[in-house]
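Residue numbering restarts at 1 for every chain, and letters A, B, ... go by the order of the sequence lines.
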2 protein chains.
Amino acid sequence: MPTFPEDAGSRSRSRVASGRPAVTKERIVDAALELSAESGLENWTLRQLAAAVDAYPAVVYHHVGDRDTVVVAVLDRVVGELTLPDETLPWRAWFDEFLPTVRSVLRRYPGSARRLALFGPSVAAAVPTMNTGIGRLLAAGFGAEAPFAYNLLLATACQFVAMEDDREGAMALQLDRSEGYAAYRTREDLPGMAVLGESIAALVADPDLAAGYYERLYAYAVERCLDGLEQRLAQLKALESLTEPGQ
Amino acid sequence: MPTFPEDAGSRSRSRVASGRPAVTKERIVDAALELSAESGLENWTLRQLAAAVDAYPAVVYHHVGDRDTVVVAVLDRVVGELTLPDETLPWRAWFDEFLPTVRSVLRRYPGSARRLALFGPSVAAAVPTMNTGIGRLLAAGFGAEAPFAYNLLLATACQFVAMEDDREGAMALQLDRSEGYAAYRTREDLPGMAVLGESIAALVADPDLAAGYYERLYAYAVERCLDGLEQRLAQLKALESLTEPGQ
DNA sequence: ACCTGAACACCGTTCAAGT
DNA sequence: ACCTGAACACCGTTCAAGT
């Protein structure tokens, strides 16, 4: 007793004859994007997606392809939502503006950050952000290292968003674990665990502090990477001036 | 026609009567660890695990619990394989020694890095490494920031190992993508994509260079994070000497 | 307490048949 | 070309029944 098409009784009629809009690739990806926003990129099933466009699962295969192909199409849309800062900004200012928007966009589609962290976006979707991002690093003097540096920044950004995504889903579990860590705050024999316990206990005690935790963690991670790259850049310039003293 | 217990014909005999060793939690986790080493933490099924100890799936539930409980037990073993550097080393030397061993251990169990990156290890398993790792950062002067800094370093390490794990599984797909990026190396209108394309083309052309790619990427990421933290530490010390000029 | 054997409610994917 | 409706080969999980 399949429940997919809205009215299983009105069978054998074509979509147009019954007044339902024709299924297209675009409409399917629209629906998948919405499902991803609601429940996460990995948490909807092909049957749910088919039902969302009032069709059978095989219809999705016909118009788009298997589940992974749909996911890639969704990711292209998500990456397309990223707005790029002014291309004339110096590298650090450019990334200081860009990376916070990365978080806010990816957070709207839970699971997208993890996929992007591991595989990156499709080549076509990546071109605008990669070209200007790597371009800013090139202009700053990173040279052949620019792709490495870009990769570090985006991977770190995606990684911390992915952490946030996945821990939200397991909040109860995470609270238990928080209590577990907080219990160590009085262990004078384990000073490392004690400071950790103290900071977690502070989070557990103060909901306002806890609310901004992941945003602060993200900012900290991103800033330290940028600092590290800044130091590396200074190092590269020092090396350069050694080998080309006349320049 | 279930094929699990080795000889489906000799039914109704108890394990001991038929000379098969009793199933224990330890033996199940042993098998799961081995399966994880062979095919990855997320790529074995409960039925395969049961078959590996010559038992029915329900036996795993009886002795350990659901699939996720088994995975957590496996992760505890993996984290237990990490050997900690000399506790008296200064923070940077300690992490310079520790983080490469993190990569080599986690790489032996594909998928473990991703799980650890997102959820961290269980509290019990985490204590030794966290306590000394955060302890080294405390001793260096990171103060209350030490857990943040530790988190950044371990998350980055796990993230880049996870990237390596997952891209290996999709090597064909990744090669296609490499060609896609390499094609941009002559695009003078897109200077960022051009350097990226050039570096990818170099990898595609030279297998030796490609073999060490992820190790270099890992080292680069980890070193930039350490550099960033070093700079941050200098900043913290400068602030401290301002507020306590007599100290 | 430990294990058997089967079932349940899913899942992604495929396919012959209809229009 | 597009869609129907069902099937296939899985999956994690549960459970009554045996010993």
Non-neighbouring partners of A:Glu38 that pass side chain to side chain contact (heavy atoms under 4.5 Å, CB included), sequence neighbours left out: A:Glu34, A:Leu35

Between protein and nucleic acid, restricted to nucleotides 8-12 of chain D and to nitrogen or oxygen atoms under 3.5 Å apart, what atom pairs and distances do you find?
residue, atom, partner, partner atom, Å
D:dG12, OP1, B:Leu46, N, 3.3
D:dG12, OP2, B:Leu46, N, 3.1
D:dG12, N7, B:Arg47, NH1, 2.5
D:dG12, O6, B:Arg47, NH2, 3.1

message: Suppose we screen for salt bridge (charged side-chain N to carboxylate O under 4.0 Å, His left out). Which residues come up paired with B:Arg107, at least two apart in sequence or across chains?
response: B:Glu164, B:Asp165, B:Glu168

Could I get a table of every N or O pair under 3.5 Å where one atom is in the protein and the other is in nucleotides 15-17 of chain D?
none

- request: Can you sort out the partners of B:Thr24 under side chain to side chain contact (heavy atoms under 4.5 Å, CB included), two or more places apart, ordered by chain and number?
  value: B:Glu26, B:Arg27

- request: Starting from P on C:dC2, measure out to CZ on B:Arg27 and report it in whole angstrom.
  value: 14 Å

field: side-chain hydrogen bond (donor to acceptor under 3.5 Å, both in side chains) contacts in which one or both residues fall within residues 146-162 of chain B, not counting sequence neighbours
entry: B:Thr129-B:Tyr150

field: Set of side chain to side chain contact (heavy atoms under 4.5 Å, CB included) partners for B:Ala201, sequence neighbours left out
entry: B:Ala182, B:Arg185

query: Partners of B:Arg216 by salt bridge (charged side-chain N to carboxylate O under 4.0 Å, His left out), sequence neighbours excluded?
result: none

task: Indicate whether OP1 or OP2 belonging to D:dT14 is found under 4.0 Å from a side-chain N or O atom of B:His62.
output: no

Which residues share a side chain to side chain contact (heavy atoms under 4.5 Å, CB included) with B:Val123, sequence neighbours left out: A:Arg177, A:Tyr181, A:Tyr184

field: Under 4.0 angstrom between A:His63 side-chain N/O and D:dA1 OP1 or OP2
entry: no

- request: Using atom types as modelled and distance alone, determine if a side-chain donor or acceptor of A:Asn131 lies under 3.5 Å from a backbone N or O of B:Met193.
  value: yes

- prompt: Given that both pair distances must be under 3.5 Å and the pair must be Watson-Crick or G-U, what runs of three or more consecutive pairs involve DNA chain C?
  reply: C:4-8 with D:12-16, C:12-16 with D:4-8

message: Does C:dG5 have OP1 or OP2 under 4.0 Å away from a side-chain N or O of B:Tyr56?
response: yes

Set of residues satisfying ring-ring contact (aromatic ring centres under 6.0 Å, His included) with respect to A:Phe98, sequence neighbours excluded: A:Trp94

field: Pairing residues for B:Tyr220 by the ring-ring contact (aromatic ring centres under 6.0 Å, His included) criterion, not counting sequence neighbours
entry: A:Phe148

